[in-house]
Novice: 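If you scroll down you'll find the structure; I have some questions about it.
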Amino acid sequence: MLQPIFLSVPLSSWALVGGQSWPRRSITGYECLQWIEAMRLTRYFLPTLKETPADAQIVSHRLMLRSCMIRQEAAGIYSWLPLGLKVLRNIEQIVREEQNRAGAIEMLMPTIQPAELWRKSGRYEAYGKEMLRITDRHNREMLYGPTNEDMITDMFRSYCRSYKDVPKLLYHIQWKFRDEVRPRFGVMRGREFLMKDTYSFDVDAAAAMKSYNRMFVAYLNTFARMGLKAVPMRAETGPIGGDLSHEFIILADTGESAVFCHKDLVDMPPPGVDVDFDGDLQPLVDARTALYAATEDVHDAAAFAAVPKDKQLSARGIEVGQVFYFGTKYSEPMGAKITLADGSETPVHMGSYGVGVSRIAGAIIEASHDENGIIWPMEIAPFKVGIINLRQGDEATDGACETAYQNLCNAGLEPLYDDSNERAGAKFARMDLIGLPWQIIIGPRGLKDGLVEIKERASGARESLPLEAALNKVAAAYARLNG
RNA sequence: CGGGGAGUAGCGCAGCCUGGUAGCGCAUCUGCUUUGGGAGCAGAGGGUCGCAAGUUCGAAUCUUGUCUCCCCGACCA
């Protein structure tokens, strides 16, 4: 029954990153065989909803609930169901790859921290009710970390004493908890959220700017790979403190903050993955900070007025990342000092750089959906292609679907095969809802003439062609992505 | 934290004003017919009406308390 089909487009599962061969897609980020997850719908867990839960107000939240990505467990606290978890992992993996490329080193700090650390930095009382405070069985004061500056500064202090130990960029991807007064918008403003936070350690302010620029450029590439147009904007530093900060904002009507920027920034292409992170990044950063862009908190109406009228963009935005330079704000009180070449001591200069990994899942949907459901960018899609069997039980149809499934699996294209016995309409609606980039639609009518249908979710464009050509077309789209 | 609203079957809702032991649509299960954009018919299962006190012969319904969730605002990745 199964007919091997030769895919004319070579698929490389390995991409060149920083001169090394890395797995293109893996769960752990470590070198391993390419991780392929294909699935038959009847074996999967995907009870999609036809009706919208009443509590969900914004489109991304509604679609995430309907497509069975998440389930609310308490206000601002969610389970990530199988489909949602795959999306979350894909986002996380892009963030990880771009951090590694920029020279940051991954580690993992705990979610629970001792209160003592925060007393040392002077933040324990200052952070207020947003911090979830816990007492353990020995009556020790603990907290569920809302961020990790204090812990990493303490760690740096205990291991690094010399100017020779810097620069260092360390990051982790870990769950955070902030006891928001009013969680809302699903995962975009949860109390528990997954965040990538990087911390930089440098000898002085000038060196710290180089770290800042690394992260700035890494973020531009990170969001571009996710199909997002993120605009860096001057921003307030807030409780993290410091002198210099940019928020990376994607424009969306449902955004929480008002933003003002020069239109040219929106479509400015990313620096690209072949940037030399050890080279001078300042021109790249300057190109994106020369034009006016600011969030409402630091908005300067006069400066904005100087932007040509037809280039003024006043919109709403979702913050997906933020970079801070805060100098010695933590190293000073916590005694994280390094010895310089001349024997003198100086507090290490620090910055922190956050990406809201779980928030991005919602943000991408806000930026990419239509009335039928989600439209996933290729790199984010939980499965890369859906196979719709229009007549389960029909020998020719079942056979063609199996052939497609096996070949797509072999090609690493992570197909989701709808082998359920439901009616065509239900299958179409569900496949559109979960937003896989490509659909291969196979039924007896088309097969009579040796044809299957291929549909691109984003454009809705459909085309009838032989199975082999359809598979090759999807493979070609994926190969382009892998460069 | 101020202001508003809601908790009744997995989801969406009605019933409450005027107390009498719970109903509709979707979903689920069974059977038959269907099968190219969320099918039709027939049958079935599923709810201590958020929780706790109180009033009453009797409470989903009235009273009080309490918990949870949502929305608007202020605040935040």
Side-chain angles (χ1 to χ4, degrees), chain A residues 47-58 61-62 65-66 68 71-77 95 127-131 145-148 173-198 219 230 235-240 245-250 255-257 295 297 317-324 352-363 372-373 388-394 397 418 420-433 439 441-448 451-453 455 460 462 464:
Chain A
T48 54
L49 305 175
K50 198 145 79 166
E51 284 176 289
T52 302
D55 286 347
Q57 295 299 310
I58 64 166
H61 190 195
R62 283 201 297 261
L65 290 169
R66 284 192 56 209
C68 200
R71 172 187 146 86
Q72 181 168 338
E73 303 295 355
I77 300 178
V95 171
Y127 215 91
K129 285 189 158 180
E130 270 202 13
M131 188 152 73
T147 177
N148 285 69
I173 302 174
Q174 177 64 289
W175 291 92
K176 307 291 190 288
F177 196 96
R178 294 184 191 173
D179 200 356
E180 299 279 349
V181 198
R182 194 186 156 210
R184 63 188 123 163
F185 304 148
V187 298
M188 296 233 286
R189 190 150 176 69
R191 290 192 291 173
E192 188 185 47
F193 57 97
L194 187 61
M195 182 164 101
K196 185 286 298 175
D197 38 326
T198 307
Y219 279 17
E236 242 183 3
T237 51
I240 301 203
S245 179
H246 286 89
E247 284 183 8
F248 286 73
I249 301 277
I250 64 167
E256 285 198 81
S257 44
T295 60
D297 300 327
I318 301 167
E319 181 192 343
V320 287
Q322 187 164 15
V323 291
F324 296 92
S352 78
Y353 315 88
V355 169
V357 174
S358 50
R359 169 181 284 184
I360 286 173
N372 295 322
I388 295 181
N389 183 331
L390 290 176
R391 186 74 60 89
Q392 198 72 31
D394 177 81
T397 309
D418 188 344
S420 71
N421 204 16
E422 287 174 84
R423 299 168 65 83
K427 293 189 176 190
F428 288 135
R430 178 169 49 219
M431 202 58 87
D432 282 352
L433 174 64
Q439 300 171 12
I441 301 161
I442 302 176
R445 277 191 209 168
L447 284 179
K448 216 168 44 197
L451 297 174
V452 302
E453 197 170 20
K455 172 174 160 181
R462 296 199 259 173
S464 283

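Below, read A as the first sequence line, B as the second, and so on, with proteins coming before strands; counting in each chain starts at 1.
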Novice: Ignoring the backbone of A/Lys129, work out which of B/G38, B/C1, B/C70 is nearest its side chain.
Specialist: B/C1
Novice: Can you tell me the distance, in whole Å, between the NZ atom of A/Lys50 and the C1' atom of B/U28?
Specialist: 13 Å
Novice: Could you state the NE2-P distance from A/His246 to B/A77, rounded to the nearest angstrom?
Specialist: 16 Å
Novice: When rounded to the nearest Å, what value does the distance between P atoms of B/U48 and B/G4 take?
Specialist: 33 Å
Novice: Would you mind pulling out the nucleotide paired to B/A52, Watson-Crick or G-U wobble, both distances under 3.5 Å?
Specialist: B/U64
Novice: What contact category does A/Arg391 fall into here, base, sugar-phosphate, or nothing, at under 4.0 angstrom with non-hydrogen atoms?
Specialist: sugar-phosphate
Novice: For A/Phe193 and B/A77, is the gap between ring centres under 5.5 Å while the planes differ by less than 30°?
Specialist: yes
Novice: Quick one: NZ on A/Lys196 to NZ on A/Lys176, what's the gap to the nearest 0.5 Å?
Specialist: 9.5 Å
Novice: B/A27 C1' sits how many Å from A/Glu422 CD, rounded?
Specialist: 11 Å
Novice: Test your reading of the model: is there a side-chain donor-acceptor pair from A/Tyr219 to the backbone of A/Ala230, 3.5 Å cut-off?
Specialist: no
Novice: Is there a Watson-Crick or G-U wobble partner for B/U35 with both distances under 3.5 Å, and which nucleotide is it?
Specialist: none
Novice: Using Watson-Crick or G-U wobble geometry with both distances below 3.5 Å, tell me the partner of B/A14, or none.
Specialist: none
Novice: Out of B/A77, B/A74, B/G25, which has the shortest distance to the side chain of A/Val181?
Specialist: B/A74
Novice: By the 4.0 Å heavy-atom rule, please label A/Glu51 as base, sugar-phosphate, or nothing.
Specialist: base
Novice: Work out how far the C1' atom of B/G46 is from that of B/C24, and round it to whole angstrom.
Specialist: 15 Å
Novice: If pairing requires Watson-Crick or G-U wobble contacts with both distances under 3.5 Å, which nucleotide is the partner of B/A27?
Specialist: none
Novice: If you check the A/Ala424 side chain, which of B/G38, B/G12, B/G36 turns out closest?
Specialist: B/G36
Novice: Considering only atom P, compute the distance from B/G23 to B/G38 and round it to an integer number of Å.
Specialist: 32 Å
Novice: Which nucleotide sits closest to the side chain of A/Asp55: B/G12, B/A77, B/C70?
Specialist: B/C70
Novice: Tell me: CZ of A/Phe185 to P of B/A77, nearest whole Å?
Specialist: 16 Å
Novice: Which part of the nucleic acid does A/Thr52 contact within heavy-atom distance under 4.0 Å: base, sugar-phosphate only, or nothing?
Specialist: sugar-phosphate
Novice: Would you kindly give the NZ-to-C1' distance between A/Lys427 and B/U35, to the nearest whole Å?
Specialist: 10 Å
Novice: Using only modelled atom types and a 3.5 angstrom limit, is any donor from either the side chain of A/Arg182 or the base of B/G3 paired with an acceptor on the other?
Specialist: no
Novice: By nearest heavy atom, map A/Gly76 and A/Lys455 onto RNA chain B; which one lands nearer the 5' end?
Specialist: A/Lys455
Novice: Before giving the answer on side-chain contact (heavy atoms from CB on, under 4.5 Å), spell out for A/Ser420 and A/Lys427 the whole-Å C-alpha distance, their side-chain angles and the decisive distance to 0.1 Å.
Specialist: CA-CA 8 Å; A/Ser420 71; A/Lys427 293 189 176 190; 3.3 Å; yes
Novice: Can you tell which of B/C1, B/A77, B/C69 lies closest to the side chain of A/Ala74?
Specialist: B/C69
Novice: I'd like the C1' distance from B/G15 over to B/C32, given in whole Å.
Specialist: 35 Å
Novice: Does a nitrogen or oxygen in the side chain of A/Arg423 sit under 4.0 Å from OP1 or OP2 of B/A39?
Specialist: yes
Novice: Could you check whether any side-chain N or O of A/Gln322 sits under 3.5 Å from a backbone N or O of A/Glu236, counting only pairs where one atom can act as donor and the other as acceptor?
Specialist: yes
Novice: Measuring only the P atom in each nucleotide, how far is B/A77 from B/G5? A whole number of Å is fine.
Specialist: 32 Å
Novice: Using purine N1 to pyrimidine N3 plus N6-O4 or O6-N4 for Watson-Crick, or N1-O2 and O6-N3 for G-U wobble, each under 3.5 Å, what pairs with B/G2?
Specialist: B/C72
Novice: In whole angstrom, give the distance that lies between atom CD1 of A/Ile173 and atom C1' of B/A77.
Specialist: 14 Å
Novice: Under 4.0 Å, counting only non-hydrogen atoms across every strand here, what does A/Arg71 touch: a base, just sugar-phosphate, or nothing?
Specialist: nothing
Novice: Using atom types as modelled and distance alone, determine if a side-chain donor or acceptor of A/Ser245 lies under 3.5 Å from a backbone N or O of A/Val323.
Specialist: yes
Novice: Got a second to check how far A/Ile249's CD1 is from A/Glu247's CD, nearest 0.5 Å?
Specialist: 4.5 Å
Novice: With nearest nucleotides of RNA chain B determined for A/Glu247 and A/Arg66 from heavy-atom distances, which residue corresponds to the more 5′ nucleotide?
Specialist: A/Arg66
Novice: Under a 3.5 Å distance rule, please check whether A/Arg191 uses its side chain to pair with a backbone N or O of A/Glu180 as donor and acceptor.
Specialist: no
Novice: Test A/Asp432 against A/Lys455 for salt bridge (charged side-chain N to carboxylate O under 4.0 Å, His left out), laying out the working first.
Specialist: CA-CA 10 Å; A/Asp432 282 352; A/Lys455 172 174 160 181; 3.0 Å; yes
Novice: For the side chain of A/Arg184 and the base of B/G73, is some donor closer than 3.5 Å to an acceptor across the two?
Specialist: no
Novice: Which base sits across from B/G47 as a Watson-Crick or G-U pair, both distances under 3.5 Å?
Specialist: none
Novice: So which atom in A/Val187 and which in A/Ser358 form the shortest heavy-atom distance, rounded to 0.1 Å?
Specialist: CG2-O, 3.5 Å
Novice: Nearest to the side chain of A/Thr48 - B/G38, B/G12, B/C72?
Specialist: B/G38
Novice: What is the nucleic acid contact for A/Gly443, judged by heavy atoms within less than 4.0 Å: base, sugar-phosphate only, or nothing?
Specialist: base
Novice: If you check every side-chain atom of A/Glu453, which of B/C11, B/G38, B/G36 has the closest atom?
Specialist: B/G36
Novice: Mind checking the C1' distance from B/C13 to B/A6? Whole angstroms is fine.
Specialist: 12 Å
Novice: By nearest atom, which of the nucleotides B/A77, B/G12, B/G38 is closest to the A/Glu319 side chain?
Specialist: B/A77
Novice: Consider the side chain of A/Arg445, meaning its heavy atoms from C-beta on, and name the nucleotide among B/A77, B/G36, B/G38 that approaches it most closely.
Specialist: B/G36
Novice: Distance check needed: B/A6 P versus A/Gln72 CD, whole Å only.
Specialist: 19 Å
Novice: With rounding to whole Å, what would you report as the distance between B/U8 and B/U61 at their C1' atoms?
Specialist: 11 Å
Novice: Would you mind classifying the nucleic acid contact of A/Asp432 as base, sugar-phosphate or nothing, using non-hydrogen atoms under 4.0 angstrom?
Specialist: base
Novice: Side chain of A/Ala75, heavy atoms from C-beta onward: which of B/C11, B/U34, B/C70 has the nearest atom to it?
Specialist: B/C70
Novice: What integer number of Å spans the C1' atoms of B/C49 and B/A14?
Specialist: 13 Å
Novice: Nearest whole angstrom, please: distance from the P of B/G37 to the CG of A/Asp418.
Specialist: 15 Å
Novice: Report which part of the nucleic acid A/Pro146 touches: base, sugar-phosphate, or nothing (heavy-atom distance under 4.0 Å, all strands).
Specialist: nothing
Novice: Under 4.0 angstrom, heavy atoms only, what part of the nucleic acid is A/Gly362 near: base, sugar-phosphate, or nothing?
Specialist: nothing
